[in-house]
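What follows is a set of notes on a single structure, which appears directly below.
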Protein chains: 2
Amino acid sequence: MSYSYTHPHPAVTTDIVLFTIRDHRLEVLLIRRGSDPFKDSWALPGGFINIDEDLAACALRELEEETGVAGVYLEQLYTFGTPGRDPRERVISVAYYALVPPDRISIRAASDAKEVAWFKLDKLPPLAFDHESIVAMAHKRLSAKLNYSTIALQFMPEKFTLSELQQVYESILGEKLDKRNFRKRVLTLDCIRDIGESRRNGNHRPARLYAVKSPGTVEFIR
Amino acid sequence: MSYSYTHPHPAVTTDIVLFTIRDHRLEVLLIRRGSDPFKDSWALPGGFINIDEDLAACALRELEEETGVAGVYLEQLYTFGTPGRDPRERVISVAYYALVPPDRISIRAASDAKEVAWFKLDKLPPLAFDHESIVAMAHKRLSAKLNYSTIALQFMPEKFTLSELQQVYESILGEKLDKRNFRKRVLTLDCIRDIGESRRNGNHRPARLYAVKSPGTVEFIR
DNA sequence: GCAAAAGTGTTCTAGGTACACCCATGT
DNA sequence: ACATGGGTGTACCTAGAACACTTTTGC
């Protein structure tokens, strides 16, 4: 089967920077490529768009096919199209970033990915193509968005403590926050609610549990 | 000549929302389409990418070819790729927005554009494709960016008064600003300088003239 | 002298930052 | 009793908002 056009067409892909937070550290999901180019290199999940497929749907499908991950929060990041960024042919990649709570994921390698793994953001291996700059831009966008939206709640499981939420902010921003100021701020946002339960986490006072009021939605603040 | 691929490839275009400000009103540059689809409709300038051309270069080239406008400030906006947005074939459009001072432009129709004209943003004609939503998103981005960058300076000619700059902000935001607070704010940004000249604009006191310190660069503030 | 836009400071308010101690639990 | 993280309130500071009169020019 072959498809012909009167003018040359670039290939279009989506690439996804999937973030989660584990052990108080921001992590990115990578696949080890099973075929050339960059065979055996680590890369972002992603791939070629189907001819009748929406861009975001393509990103979700590739993520599911290559890693088994579904049900994430997804947002378009930027479109990367420098000629030569893929040695095979002209490839324009619409990059997305996605967030998932660490308890909502069971990854598996599939499709043309030999292997799937989470990497600490500050300990990434060398990446294929221009994927390092895609990851860098995604992290920058995510950090910026913490300050004017409730996007961080997308990392939270169904029930969580305020300390856990604070650790999420600290992991992304890479700095310690003041406990009292942090709690005052997130509680006045009125986006999480005290569910009246508590959880024992060690040899100390149990922590109150909270839940996101509108899961799946990200609101702008300030 | 024909180009064949083993998998179908979408076409890739760029579309450009070029803004300027004239008579204290935000305006958008449109072309009247000379060919189908949407023949005779107004649309954003833009067109198909060349196979070895960078995305931003494509946007600048299309703008130049179709309207004669060059030397603008350009920024990637969003990528629109809903299947069916172009009736001919699958087209993915990387949208850009651009800003130009009103004195830096001489428009002319060329290429497949029959006609080129500026329209007040609040009096746009019906647009081809999904160009209305592209314009809406560009305006939203521009408004947001006024609050955390010096992007408005891209609209200013070489010499301008503080009142003129204020009118630019007011046109984009669609609201009146306080003169004293506005002046205090832009002067503390330290991005424009008093060039020691003044200009008479009518039967009243002449206004001091200012110039942008670093033309062509947009800084983040706050 | 009158019309018209240019230019200029102070007060108030709200949101952000800095900061230290008691509480509930397990061992 | 002690170690550990959970939970709480106040004072300060700074940036943004509100607000009115004098100046310089042309006619």
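Model, not experiment: these values are computed from the prediction. A, B, ... follow the sequence lines: proteins, then strands. Residue 1 opens every chain.
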Under 3.5 Å, side chain of A:Thr14 to main-chain N/O of A:Leu55, donor-acceptor pair present? no
A:Glu197 has an atom CD; how far is it from atom P of C:dA24, in whole Å? 19 Å
B:Arg200 has an atom CZ; how far is it from atom P of C:dA3, in whole Å? 22 Å
Does the side chain of A:Thr20 come within less than 4.5 Å of A:Trp118's, by heavy atoms? yes
Using a 6.0 Å cut-off, check whether atom CD of B:Glu158 has over 12 heavy atoms from anything other than its own residue. no
Write out a two-atom table: protein N or O, nucleotide N or O from nucleotides 9-15 of chain D, distance below 3.5 Å.
unit_1	atom_1	unit_2	atom_2	d
D:dT10	O4	A:Lys184	NZ	3.1

Please write out the pairs of protein N or O atoms and N or O atoms of nucleotides 4-7 of chain D separated by less than 3.5 Å, giving the distance to one decimal.
unit_1	atom_1	unit_2	atom_2	d
D:dT4	O2	A:Asn203	O	3.0
D:dG6	OP1	A:Ser163	OG	2.9
D:dG6	OP2	A:Ser163	OG	2.9
D:dG6	O3'	A:Pro206	O	3.4
D:dG6	N7	A:Lys179	NZ	3.4
D:dG7	OP1	A:Arg208	N	2.5
D:dG7	OP2	A:Arg183	NH1	3.4
D:dG7	N7	A:Lys179	NZ	2.6
D:dG7	O6	A:Lys179	NZ	3.0

Exercise: do B:Arg183 and B:Ser163 side chains pair donor with acceptor under 3.5 Å: yes
Of B:Lys145, B:Arg141, B:Gln154, the residue whose pairing with B:Glu75 passes side chain to side chain donor-acceptor pair (under 3.5 Å): B:Lys145
Determine, step by step, whether A:Arg61 and A:Glu66 satisfy the salt bridge (charged side-chain N to carboxylate O under 4.0 Å, His left out) criterion, reporting the C-alpha distance in whole Å, the side-chain angles of both residues, the deciding distance to 0.1 Å, and the verdict. CA-CA 8 Å; A:Arg61 175 183 56 77; A:Glu66 294 186 341; over 6 Å; no
Is there a donor in the side chain of A:Tyr169 and an acceptor in the side chain of A:Gln167, or the other way round, less than 3.5 Å apart? no
Rounding to a whole Å, what distance do you find between A:Ile221:CD1 and C:dG15:P? 13 Å
Calculate the interatomic distance between B:Arg185 atom CZ and D:dA17 atom C1'; express it in whole Å. 12 Å
How long is the line joining CZ of B:Arg199 and P of C:dG7, in whole Å? 11 Å
Given atom CZ of B:Phe160 and atom P of C:dA5, what is their separation to the nearest angstrom? 20 Å
More than 12 non-hydrogen atoms from neighbouring residues, nucleotides or ligands closer than 6.0 Å to NZ on B:Lys140, yes or no? no
